[in-house]
There are 2 protein chains.
Amino acid sequence: MKKKTAHEQFIAYLRSEGKNITPERLHILDAVLNQKAHFKIDDMIEKMSCAKKRVSRATVYRSIKTIENAGLIKYIRSINDEKIYEVQKEHHDHMICESCGKIFEFHDKDLETLQDLICESHGFTPKRHTMKIFGICEKCKKDD
Amino acid sequence: MKKKTAHEQFIAYLRSEGKNITPERLHILDAVLNQKAHFKIDDMIEKMSCAKKRVSRATVYRSIKTIENAGLIKYIRSINDEKIYEVQKEHHDHMICESCGKIFEFHDKDLETLQDLICESHGFTPKRHTMKIFGICEKCKKDD
DNA sequence: CAGATAATTGAGATTTAATCTCAATTACGA
DNA sequence: TCGTAATTGAGATTAAATCTCAATTATCTG
């Protein structure tokens with residue numbers, strides 16, 4: 001069973017939901033996948049309105065939601081009313097520096113295991129989780 | 001050193017910030033503290049517009065923000081554009097049922113310890129964190 | 001492949017939470 | 001008690017997100 005690309009995943013999702021495969025949706029997916037890590041909707045709208053194939057604001061909003069439902073991107077948080085999304089890679093959690101605003105990703109197997117145990121003891125079936133640790137990063141500590 | 005009430009904490013905060021202690025702010029604090037657990041801003045606005053002492057929408061927004069900065073309430077999440085806040089008790093994390101929308105609180109000492117260890121290994125100084133586990137609660141599992 | 005049908009798009013209007021404005025009021029230190 | 005600075009209320013404003021609907025496009029069927 002070879003691993004599906006994000007592109008293939010998206011198309012499979014659209015098919016499974018009976019949604020059409022439109023060039024607009026694929027363009028937006030491409031633009032999103034080209035993002036290094038985190039992006040804002042507004043940036044995507046601007047990007048798509050300058051691109052060779054223009055896509056309207058309404059469609060950007062609609063498609064971002066579709067791509068999110070397909071599990072390919074994830075909403076992280078808002079910073080002054082600007083939603084920040086990220087492209088989904090392997091699952092990871094976040095450390096957010098309150099000084100420079102930078103978002104660090106980390107993953108810890110023990111943490112995941114412990115979470116499952118906690119859920120089990122509460123009769124709760126976990127599907128997914130988010131964890132954000134706010135504090136000060138190494139660099140900002142030194143820059144003081 | 002006796003423990004301060006939320007009321008006292010708030011007044012101490014206002015003093016420390018050079019802010020005035022106004023009846024509006026205290027009324028809103030009272031209303032907020034009277035909430036069992038979680039509340040929406042809109043509910044507060046409605047509550048305050050019917051109360052003996054009316055408080056305007058703008059002031060509710062302003063005061064909620066002040067009370068949040070004082071650390072007495074905390075923003076949890078949005079559900080269709082409605083922000084949900086909660087009164088701060090001891091620190092705890094959340095399990096959110098995707099079926100009924102109910103929010104469960106839990107606290108686990110091992111989880112906290114593990115988080116601190118992870119941060120340490122990344123040179124990150126944690127101040128606070130949020131953790132949300134999404135899934136299906138015990139009751140909804142049975143109701144299937 | 002053509003024609004029918006349902007989904008999707010674009011553009012601008014609309015919605016709505018949150019913020020802003022500013023004159024009137026109020027808290028508070030001196 | 002007075003003067004100053006902070007705060008409030010009411011309505012205007014802002015801006016992200018959604019909605020509307022006619023025109024377009026994807027997909028299915030034979």
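The chains referred to below are lettered A, B, ... by the order of the sequence lines, with proteins before strands, and numbering in each begins at 1.
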**Student:** Under a 4.0 Å threshold between the charged nitrogen and the carboxylate oxygen, would B/E24 count as salt-bridged to B/R62?
**Tutor:** no

**Student:** Suppose we screen for side chain to side chain donor-acceptor pair (under 3.5 Å). Which residues come up paired with B/T113, at least two apart in sequence or across chains?
**Tutor:** none

**Student:** Suppose clustering is done on Ile, Leu, Val, Met, Phe, Trp and Tyr with side-chain heavy atoms closer than 4.5 Å. Which residues sit in the same group as B/M131?
**Tutor:** A/M95, A/F104, A/F106, A/L111, A/L114, A/I118, A/F124, A/M131, A/I133, B/M95, B/F104, B/F106, B/L111, B/L114, B/I118, B/F124, B/I133

**Student:** My understanding is that a hydrophobic cluster links ILVMFWY residues whose side chain heavy atoms are under 4.5 Å apart, including indirect links. Using that, what else belongs to the cluster containing B/L117?
**Tutor:**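 Its cluster mates, by chain and number: none.
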
**Student:** Does a side chain donor of either B/E86 or B/H92 reach within less than 3.5 Å of an acceptor in the other side chain?
**Tutor:** yes

**Student:** Taking atom P of C/dT16 as reference, at what distance in whole Å does atom CD1 of B/I41 sit?
**Tutor:** 17 Å

**Student:** Would you indicate whether A/E120, at its atom CD, is surrounded by more than 12 heavy atoms from other residues, nucleotides or ligands within a distance under 6.0 Å?
**Tutor:** no

**Student:** Do the side-chain N or O atoms of B/Y61 get closer than 4.0 angstrom to the phosphate oxygens (OP1, OP2) of C/dA18?
**Tutor:**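 Looking at the OP1 and OP2 atoms of C/dA18, one of them is under 4.0 Å from a side-chain N or O of B/Y61.
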
**Student:** Between the opening five pairs and the closing five pairs of the helix from C/dC1-D/dG30 to C/dA30-D/dT1, how far apart are the helix axes, to 10°?
**Tutor:**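 Comparing the axis at each end, I get an angle of 50°.
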
**Student:** What pairs of nitrogen or oxygen atoms, one from the protein and one from nucleotides 4-10 of chain D, lie under 3.5 Å apart?
**Tutor:**
unit_1, atom_1, unit_2, atom_2, d
D/dT7, OP1, B/N20, N, 3.1
D/dT7, OP1, B/R25, NH1, 2.7
D/dT7, OP1, B/R25, NH2, 3.1
D/dT8, OP1, B/T22, OG1, 2.8
D/dG9, OP1, B/R54, O, 3.4
D/dG9, OP2, B/S56, N, 3.1
D/dG9, OP2, B/S56, OG, 2.8
D/dG9, OP2, B/T59, OG1, 2.5
D/dG9, N7, B/R62, NH2, 2.9

**Student:** By the 4.0 Å heavy-atom rule, please label B/K40 as base, sugar-phosphate, or nothing.
**Tutor:** nothing

**Student:** Verify the neighbour count for atom CD of A/E17: are there more than 12 heavy atoms of other residues, nucleotides or ligands below 6.0 Å?
**Tutor:** yes

**Student:** Figure out the CD1/P separation between A/I84 and D/dA16, and round it to whole Å.
**Tutor:**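 One finds 14 Å between P of D/dA16 and CD1 of A/I84, rounded.
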
**Student:** Measure from NZ or CZ of A/K19 to the centre of the six-membered ring of A/Y13 and say whether it is under 6.0 Å with the direction within 45° of the ring axis.
**Tutor:**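 Not flagged: A/K19 not positioned over aromatic ring of A/Y13.
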
**Student:** Between C/dA27 atom P and B/L26 atom CG, what is the distance in whole Å?
**Tutor:** 10 Å

**Student:** For the pair made of NE2 in A/H27 and P in D/dT25, what is the distance, rounded to whole Å?
**Tutor:** 14 Å

**Student:** Under the ring pair (Phe, Tyr, Trp, His ring centres under 6.0 Å) rule, collect the residues that match up with A/F39, sequence neighbours excluded.
**Tutor:**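 Ring pair (Phe, Tyr, Trp, His ring centres under 6.0 Å) list for A/F39, sorted by chain: A/Y85.
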
**Student:** Measure from CD on A/E46 to C1' on D/dA16 and round the result to the nearest Å.
**Tutor:**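 One finds 16 Å between C1' of D/dA16 and CD of A/E46, rounded.
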
**Student:** Please give, in whole Å, the distance from C/dT26 P to B/L14 CG?
**Tutor:** 19 Å

**Student:** Rounded to whole Å, how long is the line connecting atom NZ of A/K65 with atom C1' of D/dC19?
**Tutor:** 12 Å

